[in-house]
Structure formats: structure tokens, C-alpha cells
Amino acid sequence: MRLIQIGYKSTMNLNQLRFASAVAATGSFTAAATACCVTQPTLSNAIAQLEQELGERLFARTTRKVAPTPFGAHLLPYLAQVLAAQATLVQQAQAYLRPDTRLIRIGTSPLVNSQLLALMLEPFRSQHPDVEVVLREMNMTQLYGMLDAGLLDVVFGVANGQKGRWTSTFLYAEALLFLPRGAHWPNGARVHAVAFNEICAETFVMVPDACGLARATHALFRSHRRKLHAYSGQAMSYQVLAEWAALGIGAAILPKSKLAAGAQSAYAITDRRGADVMLGFEASWLRTSEQAEHLHAFAHHLRVLVPSIMAGLDLGAPA
């Protein structure tokens, strides 16, 4: 028997994998290019080269969104494993070269306001200057996957009740606000809040289900047993979401901290009991993470100090 070895030279690179992962997470080539800080042609060309090497298209475009093909859906978990392995390689190299460095690797949803994040972290950093805090902002699915894989120590995101192997603690809650289609809600000058039943028939502009906002909005409608009417397009940022609402494309729902200063009128949303609708945020970590002394101290900080810090902020509905 004669064995014939055929050489194979791969031109695949990590950027191509990151770009494909970003498209899968955002459902948009435009949004993925923005998230990766490259132009859309650069991202599209890189993915096309990756598809050519792999032998089949990874994504199919429709008029509404970009979605993985069956081939792409099959390969995306393996793609994530390669990226996770690369991150582990870098972290292990750093751990070897700097063995005395104590790290806390925090993954955060884009929905977590950066100013609020700073308020939560700064007291701990001041008390523990020898601990290095590394932040990574990604979509929630990727963050929890990295947490399970041991590539992150803590994840900050929208409270979702999925405990699994994680320990979670409440951080804060902020009001969800209604941005009407156009400049103002009818009779808006006389009210600061609208009942959910008054707005549920509206068509809403949405962002991709990556940060937790879309999921929370769908959950709000399910809790009231109402169907969400979503605009066929998707905004790529919270600013665009507000701009589209102001242009009359559709109504929008945003947490208070994501509403830009000077933006259009926004109204508190009250539920069937008359209570303001709030969006909760939590921190999650693997139960085994607290075995390290500095991670145990950080967990204590999150449980005890952060809620008291956040309780003193004006995150409720506007009066």
C-alpha cells in the first residue's frame, strides 16, 4: 500500500475568525464591522476569503438580517473554540511571564453604562492597587460561554435567572423608558409615564439580540401576554435606536442610562400594577472562582458595597 501525502497550506487568520464571530453575534455585516473597528468592505472580503478556504458560505443574507447557513451554524462553535484557545494561550503566556500579577477578567454587556461601571469598580481598584482589572465588552452569549470556559472571572449583564454553575448577585436596576414614534407621545406634556397597555400596539425599532435589551423587551411583552410588533430593520446602536424613534420609523424602549442628553421626550413605563418597569443587572461568576483570595474579595465587594453605591444614584423613572 502506498500512502500519498497531499500538502495543504492554510491562509486562514484569526481576524477572519473574529469577523465571522462578530457577524454571527450581531446579525449584520455593518454592525460587525463597527464592533471590530474595520470598514465593511474589509470585513466582507475577509469573510469571503474564509468561506472560499472552508469551501462553503457561512452566512446567508436576507432583506431583514444576516443569518448563518447550516454549514455556518455547524462550524461556528468550532470557530469559537479556536478564538478561546488563542485567548487562553495569551493569558497563559502572561501568567508565566508575570506570575505575581493578580487579574480579574470582567466581561460586560454593551448595555452596562460605562460611567456606572466605573462607579462600581473604582472603590475596589483603589483598595486593591495590586489587582489588575481587565475589561472585555462582547455579546452576552459569548461572555457566558467564556465564563464557563474559564476565560473570564466575572460577567456583568442583564439579570436573566439562568444560574447554571454560576453564582450571581444583584447590582442595580434602572428604569426602562418609552421613546414614542416622532417627537412626543399624545398629551405628553401632561404626563411623565405611560401604561404598558397604551403602547403595546406600537411598532418598535430594535437592536440585535446580543446585549440583552432585545431579550428583556420580549420578556416584558411576554409577561403581559402581548405580541411584540418589531420593525423589519435593526438599529446597530442605542443612539440610532433613539434617532429612528425621533424620525418616526417606530417607537423604542431604552434603559435610562442609554438615553443621550438632550434626546427626545422619553416616558416611564408602568406595568399592570402601576409600578415602573425596571431593568435589573447582575454579576455572575463560577462558584470555584472565589477560591482565589483576590476574587473572593471582589465577590464580597460586588455583594456588599456595589448595591449601596448604586442605590444612591437616580436610576428610576423620571418624575
Taking all non-hydrogen atoms of both residues, which atom of [X] and which atom of [Y] are closest, and how far apart?
| X | Y | result |
| --- | --- | --- |
| K258 | P110 | NZ-O, 3.0 Å |
| L79 | A20 | CD1-CB, 3.7 Å |
| C211 | S109 | O-OG, 2.7 Å |
| L76 | P68 | CD1-CG, 3.7 Å |
| S237 | V207 | O-CG1, 3.9 Å |
| A252 | A245 | CB-CB, 4.1 Å |

query = Can Q40 and T30 be counted as having a side-chain donor-acceptor contact under 3.5 angstrom?
reply =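 Side chains of Q40 and T30: pair found under 3.5 Å.
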request  = Ignoring hydrogens and angles, state whether a donor on the side chain of Q239 or E243 is under 3.5 Å from an acceptor on the partner side chain.
outcome  =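 Yes.
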task = Identify whether NZ of Lys or CZ of Arg in R61 sits under 6.0 Å from the centre of the six-membered ring of F29 and within 45° of that ring's axis.
result =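 Yes - R61 lies over the ring of F29, closer than 6.0 Å to its centre and within 45° of its axis.
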Please report the interatomic distance [atom1]([X]) to [atom2]([Y]), rounded to the nearest 0.5 Å.
| X | Y | atom1 | atom2 | answer |
| --- | --- | --- | --- | --- |
| S265 | L177 | OG | CG | 11.5 Å |
| F19 | L14 | CZ | CG | 11.0 Å |
| R105 | E132 | CZ | CD | 11.5 Å |
| N15 | L50 | CG | CG | 11.5 Å |
| E51 | T69 | CD | OG1 | 7.5 Å |
| Q234 | W244 | CD | CH2 | 8.5 Å |

query = With hydrophobic residues grouped by side-chain heavy-atom distances under 4.5 Å, do F170 and L111 end up in a single group?
reply =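 In one cluster with F170: L111, no.
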query = Are V304 and M310 connected, step by step, through hydrophobic side chains (Ile, Leu, Val, Met, Phe, Trp, Tyr) whose heavy atoms are closer than 4.5 Å?
reply =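 Cluster IDs for V304 and M310 differ.
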task = If the plane angle is over 60° it's perpendicular, under 30° parallel, otherwise tilted; pick one for F124 and H301.
result =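 Aromatic pair F124/H301 classed tilted.
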Backbone of [Y] reached by a side-chain donor or acceptor of [X] within 3.5 Å:
| X | Y | result |
| --- | --- | --- |
| Q16 | N13 | yes |
| H294 | L103 | yes |
| R57 | F59 | yes |
| E174 | K256 | yes |
| T169 | A283 | no |
| S21 | L17 | no |
| E53 | M12 | yes |
| H300 | H296 | no |
| T270 | D276 | no |
| D271 | V277 | no |

request  = Please step through side chain to side chain contact (heavy atoms under 4.5 Å, CB included) for the pair L75 and L54, ending with a clear verdict.
outcome  = CA-CA 10 Å; L75 289 187; L54 293 174; 3.9 Å; yes
Side chains of [X] and [Y]: closer than 4.5 Å at any heavy-atom pair?
| X | Y | value |
| --- | --- | --- |
| L220 | I253 | yes |
| L305 | P123 | yes |
| S284 | Y144 | yes |
| L179 | L259 | yes |
| V66 | S28 | no |
| W285 | L302 | yes |
| L213 | V158 | no |
| P307 | Y172 | no |

Salt bridge E202-R181, side-chain N to carboxylate O under 4.0 Å =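 Between R181 and E202 there is a salt bridge, with a charged N closer than 4.0 Å to a carboxylate O.
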task = Could you tell me if the ring centre of F196 sits under 6.0 Å from that of F221?
result =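 Between F221 and F196, which both carry aromatic rings, the centre distance is below 6.0 Å.
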ask   = For F298, which of V133, L121, V131 qualifies under side chain to side chain contact (heavy atoms under 4.5 Å, CB included)?
value =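 It is L121; the other options fail the test.
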query = Could you walk me through whether R272 and H224 pass the side chain to side chain contact (heavy atoms under 4.5 Å, CB included) check?
reply = CA-CA 8 Å; R272 60 170 63 96; H224 287 79; 3.8 Å; yes
query = Counting only heavy atoms not in Q52, do more than 12 fall under 6.0 Å of its CD?
reply =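 Not more than 12 within 6.0 Å, no.
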ask   = Does H229 NE2 have over 12 foreign heavy atoms under 6.0 Å away?
value =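 Result for NE2/H229: enclosed.
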message = Please determine whether side chain to side chain contact (heavy atoms under 4.5 Å, CB included) holds for the pair D153 and L286, giving the CA-CA distance in whole Å, both sets of side-chain angles, and the decisive distance to 0.1 Å.
response = CA-CA 7 Å; D153 299 306; L286 293 177; over 6 Å; no
message = Let's go through I199 and Y267 carefully: what are the C-alpha distance in whole Å and the side-chain angles of both, what is the deciding distance for side chain to side chain contact (heavy atoms under 4.5 Å, CB included) to 0.1 Å, and is it a yes or a no?
response = CA-CA 11 Å; I199 66 173; Y267 304 91; over 6 Å; no
